[in-house]
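Encoded as structure tokens, the structure appears first; notes follow it.
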Amino acid sequence: MIYSEIFFKLKPPFFCCFFVLLCPKQKKIMGQYHHRGIEQKWRQYWREKKTFIIDKNPSDKPKYYVLDMFPYPSGSGLHVGHPLGYIATDIIARYKRAKGFNVLHPMGFDAFGLPAEQYAIERGVHPAITTEENAKRYWEQMSLLGFSYDPDCVLRTSDKDYYKWTQWIFLQLFGHYYCNDTQQARPITELEQVFEAEGNQQINAATSAKDKFSAADWKNFTPQEKQSVLMQYRLAYHSFGYVNWCPALGTVLANDEVKDGKSERGGHPVERRKMPQWVLRITAYADRLLSGLNTVDFSESIKASQTNWIGKSEGGQIRYAIEGKSETLEIFTTRPDTIFGNTYMVIAPEHDLVETLTTPEQKTEVETYVKWAKNRSERERQSDTTKTGVFTGSYAIHPFSGEKLPVWIADYVLIGYGTGAIMAVPAHDERDYEFAGKFGLPVREVVQGGNIETEAYVAKDGILTNSDFINGMTVAKAIDTMLEAIEGRGIGKRQITYRMRDVIWSRQRYWGEPTPFKIKDGIYYPVNEDELPVELPEMEDFKPTGRPESPLIKATEWRHLPDGFERETNTMPGAAGSSWYFLRYFDRDNTMTFSEKKKSDYWMPVDLYLGGAEHAVGHLLYSRFWTKFLKDIGKVSVEEPYKKLVNQGMIQGTSAIAYRHKESNRFVSADLMNDTEKETLYSDIHMDVRWVRANVLDVEKFRKGTQNKDAEFTLNDKNEFRTDSVVEKMSKRYFNTVDPADVCEEYGADTLRIYEMFLGPLEMSKPWSTEGIEGVVRFLRRVYSWYVDDNEQLTLTEEPATKEELKSLHKLIKKISEDIEKLSFNTCVPAFMVFVKEMVENKSFKKEIMLPFLSVLAPFAPHLCEELNERTGGSSTILEVPFPDYDEAHLIEAEFEYPIQINGKVRTKILFSLTATQEEVESTLAADKEVSRWLEGKTPKKVIIVNKRIINVVV
RNA sequence: GCCGAAGUGGCGGAAUAGGUAGACGCGCAGGACUUAAAAUCCUGUUCACAGUAAUGUGAGUGUGGGUUCGAUUCCCACCUUCGGUACCA
């Protein structure tokens with residue numbers, strides 16, 4: 001096409017000479033690497049021959065399960081940042097397969113949930129349609145990169161054959177409680193039998209129940225009462241409590257979906273609101289989620305995030321009597337040693353005792369404060385930490401000194417943590433110190449070591465004072481002694497508290513799994529298993545209602561059942577489908593069970609799980625929790641779903657910033673002004689990165705691509721318009737996205753695969769830049785022309801390889817296999833480059849070398865290697881060609897050129913046999929001219945020889 | 001504040017059971033081919049100083065110390081950047 005354009009523009013005499021000149025070149029070009037034809041051909045081959053489809057039945061072959069976190073198919077399609085992890089896992093998958101493993105490498109779509117639904121609402125198109133379109137587009141984009149996903153595994157969490165089982169698992173959670181004695185989920189029917197026989201006094205279970213009852217009580221309960229008691233034990237339960245309500249999204253959100261008081265998605269403000277909700281009792285599994293971390297291979301930062309999120313803290317729960325009242329106040333503390341420094345009490349504004357404790361004199365003040373505090377948004381509360389509070393008028397009695405302690409209400413005490421009440425020890429807690437200072441409450445030092453005149457002393461280091469029977473003890477000893485004393489007097493107990501809350505599992509949104517329940521007379525009845533799935537009704541108007549209720553409420557026909565029952569209308573959160581999808585890939589079409597145990601016993605756990613660090617707490621905790629539960633009920637055998645987890649770094653975008661005058665439509669080249677001018681006189685405008693190369697804007701492309709046709713440009717003295725560049729998240733909104741399909745078209749999929757690996761370590765974040773991709777193009781071109789000459793003839797010869805050639809090859813095999821195992825893909829690329837360069841330079845065309853090389857390169861550049869494998873006579877796909885093993889025999893060296901250091905500085909190099917003795921080395925060194933020059937006549941004190949590394953002469 | 005990760009040429013980054021710092025690639029400079037350009041190939045490229053040059057000398061992996069024959073790698077203190085998290089008692 002390019003040539004023909006030139007032809008038309010040329011005048012006839014030119015035309016002829018150009019044509020003559022072109023001919024030999026044309027021929028040369030024919031013998032060059034053309035990625036388009038090759039890559040298309042092999043993609044088609046793989047598809048038609050079903051190369052990537054494997055038998056999912058258990059076999060004798062060792063298995064390897066390599067999994068990517070599946071994407072939610074957003075409307076913007078993939079950008080070059082997404083495939084980074086997919087390329088890495090594909091290399092692993094192809095490598096392991098060639099190493100003889102039975103490899104499962106699936107891909108699917110996390111299609112339900114908020115992002116997909118928001119996109120649909122913005123477009124005004126039904127989410128079922130947008131999801132379908134987007135998933136299709138993702139799949140096409142992924143196919144371009146040559147990923148070896150098994151097409152028979154592909155699943156969507158929004159398919160009813162899939163979400164049937166999401167609902168089924170939810171019902172199992174509903175049907176079980178957690179027994180703390182056996183540390184295991186048990187059927188709720190067992191619990192009913194116990195209640196029937198002996199009440200709940202002896203039950204040690206994970207529960208929100210506070211009240212104790214006897215067998216007789218149980219029998220007297222109404223059916224509603226019985227159900228509401230059981231709800232307090234179920235692992236999936238319905239409750240009424242404070243939740244994160246986001247009015248803009250029209251739904252409640254889980255704690256991990258709220259960041260800085262705003263919704264993670266969209267950044268809308270979030271309020272606290274009391275609402276009925278479905279909740280999962282993940283806290284029952286807190287300890288197992290924590291201890292399981294020691295058995296898996298996750299990065300330190302992920303383990304740390306999860307540990308922090310679970311937030312286990314050990315301490316004591318202490319009951320305080322209230323002066324003149326029968327009620328008691330329960331508090332939780334990790335510092336019972338400081339109890340003699342306790343000078344007042346604080347309860348949260350939402351605390352149950354607020355009303356009881358408020359005296360008539362304080363009533364108005366308390367009501368005003370509580371109302372103010374409750375209406376305060378999370379955001380305000382977090383950004384403004386100055387202490388506020390109000391006195392209730394009541395006093396608690398110190399359990400040891402008998403002192404009267406004023407009870408205050410303050411919003412620095414959170415209802416969601418511990419008991420929602422604290423014993424305030426201002427001398428040894430920063431928050432209490434600030435509060436006491438502000439409201440003139442006494443500060444009493446009980447641990448020596450700080451200066452409480454100026455600040456609270458919080459270190460757990462010092463000797464107890466002013467503390468009766470624990471005086472003179474260390475903090476650690478005092479904590480233990482005090483806990484003993486509390487238990488001894490029966491005023492409290494040792495207590496472990498978790499920061500992690502039970503997770504709210506209902507959303508007032510359309511695009512999710514319907515929660516499979518029917519309601520009648522206030523009782524929630526699970527839908528029968530044989531009625532699953534409860535299908536999501538098709539609705540024209542699926543938008544949020546704006547009220548705290550699901551849009552499904554409008555599906556009246558669907559909702560009202562003929563037998564007088566009403567369907568639950570809340571749907572499940574996006575995290576539901578992703579909590580177990582890894583169990584479905586290898587048994588996608590099973591209609592009898594969610595995942596056949598025989599198969600999961602073979603395939604689970606996932607050997608390598610790769611994905612973004614943003615799922616460090618949410619998805620990873622939920623899926624670990626579900627796996628543990630499914631193990632408890634005997635449906636899977638693994639305690640942990642992922643053996644090894646790696647987070648790939650983000651590929652950021654490099655945005656191009658142009659400056660437009662604030663008063664006019666004039667853009668000024670960035671090098672023509674200073675930073676102050678940029679800030680004060682100009683607005684930053686993101687330019688589409690496709691218009692910019694090396695910080696210079698192509699003004700013509702801008703004019704063609706923009707709506708802003710009247711823009712004027714002030715160029716610099718080189719007639720260029722320069723932009724500034726900023727590294728930030730790759731996103732449509734910043735016009736800095738790069739489509740992998742464009743890169744594939746221009747440079748090829750193999751090039752993109754290798755280039756993304758070459759950019760740097762997998763786990764590190766790095767900005768995208770196309771500068772440098774040429775190096776990879778040149779490399780692949782060189783590989784091609786090593787096998788195929790300018791006349792499209794194969795170069796390979798039958799001649800036996802030399803010792804040196806075999807050594808280089810086996811060094812490469814060793815390096816590549818070791819580095820792939822370490823996931824160090826970036827270091828593989830230079831090894832390939834050096835090897836090929838060496839072979840080409842030495843004009844080495846030995847089949848003995850070139851055939852194994854193809855297998856080694858194939859995981860990285862599958863299309864090219866398939867092509868060359870076929871041309872060199874390979875009969876099967878390269879996936880079936882075993883990855884070569886290296887042979888130590890080829891790697892043995894007889895001698896080594898040692899760098900010679902004199903006093904730690906390298907001065908020369910001398911070749912020694914690896915068997916040379918210390919004496920031989922020393923005498924050679926003594927005779928060496930260069931060495932003696934540096935010795936300046938002195939005798940060496942010591943000669944250190946490090947085998948195959950270095951020789952250091954110490955003078 | 002707390003937790004985690006990371007600081008190496010103009011740039012992306014190599015090298016850590018302590019052993020030649022800067023592999024490989026980009027960029028840049030020079031050269032070959034070409035009437036010319038593109039493409040391709042070759043050479044050089046950490047910095048400073050000296051020399052016409054080959055080369056030589058010194059410094060050098062965020063900063064300051066320490067251990068060692070030898071430190072990018074280990075130890076101590078600090079600085080900076082990024083990510084997570086935060087009134088969690």
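No hydrogens, no waters, no symmetry mates; every other heavy atom, side chains included, goes into these values. Per chain, numbering begins at 1; letters A, B, ... match sequence-line order.
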Sugar-phosphate only, base, or nothing, as touched by A:Pro767 at under 4.0 Å among non-hydrogen atoms: nothing
Any-strand Watson-Crick or G-U partner of B:U68, both distances under 3.5 Å: none
Touch class at under 4.0 angstrom, heavy-atom based, for A:Thr827 against every strand present: sugar-phosphate
Ring-ring centroid check A:His428 A:Tyr433, cutoff 6.0 Å: no
Nucleotide nearest A:Thr334 when distance is taken to its side chain, options B:A39, B:C3, B:A89: B:A89
Any-strand Watson-Crick or G-U partner of B:C88, both distances under 3.5 Å: none
Any donor-acceptor N/O pair, A:Tyr369 side chain to A:Thr388 backbone, under 3.5 Å: yes
Complement of B:C24, any strand, by Watson-Crick or G-U distances under 3.5 angstrom: B:G12
Aromatic plane relationship, A:Phe435 with A:Tyr344 - under 30° parallel, 30 to 60° tilted, over 60° perpendicular: parallel
Sugar-phosphate only, base, or nothing, as touched by A:Arg907 at under 4.0 Å among non-hydrogen atoms: sugar-phosphate
Mate of B:A29 where both pairing distances stay under 3.5 Å, Watson-Crick or G-U: B:U43
Touch class at under 4.0 angstrom, heavy-atom based, for A:Val946 against every strand present: base
Given B:C69, B:C41, B:A89, the nucleotide with the shortest approach to the side chain of A:Arg782: B:C41
d(CD, A:Glu350; P, B:C88) in whole Å: 16 Å
Value in whole Å for how far the P atom of B:G83 lies from CD of A:Gln648: 16 Å
Sugar-phosphate only, base, or nothing, as touched by A:Ser313 at under 4.0 Å among non-hydrogen atoms: sugar-phosphate
Separation between the C1' atoms of B:G1 and B:G12, rounded to whole Å: 34 Å
B:C87 base / A:Lys387 side chain donor-acceptor hit below 3.5 Å: yes
Partner nucleotide of B:C78 by Watson-Crick or wobble geometry (both distances under 3.5 Å): B:G62
Sugar-phosphate only, base, or nothing, as touched by A:Ile422 at under 4.0 Å among non-hydrogen atoms: base
Distance between P atoms of B:U72 and B:G9 (Å, rounded): 14 Å
From CA spacing to verdict: ring-ring contact (aromatic ring centres under 6.0 Å, His included), A:Phe912, A:Phe896: CA-CA 6 Å; A:Phe912 284 105; A:Phe896 181 74; 9.9 Å; no
Position toward the 5' end of RNA chain B (nearest nucleotide), A:Pro830 or A:Ser765: A:Ser765
Residue A:Asn308, side-chain heavy atoms: nucleotide from B:A14, B:C88, B:C3 that is nearest: B:C3
Distance between P atoms of B:C24 and B:G83 (Å, rounded): 33 Å
Salt bridge (Lys or Arg N to Asp or Glu O under 4.0 Å) evaluation trace for A:Arg335 with A:Asp429: CA-CA 10 Å; A:Arg335 295 293 303 274; A:Asp429 182 285; over 6 Å; no
Minimum-distance nucleotide to A:Ile950 side chain [options: B:G19, B:G4, B:A86]: B:G19
C1'-based separation of B:C69 from B:C76 [nearest Å]: 23 Å
P spacing across the pair B:A39 / B:G30, given as an integer number of angstrom: 16 Å
Whichever of A:Leu414 and A:Ile951 has its nearest RNA chain B nucleotide further upstream toward 5': A:Ile951
Opposite nucleotide pairing with B:C49, Watson-Crick or G-U, both atom distances under 3.5 Å: B:G56
Sugar-phosphate, base or nothing in reach of A:Val413, heavy atoms under 4.0 Å: base
A:Thr419 side chain to A:Glu330 backbone, donor-acceptor under 3.5 Å: yes
Between B:G70 (P) and A:Ile945 (CD1): distance, integer Å: 18 Å
P-based separation of B:A6 from B:A15 [nearest Å]: 13 Å
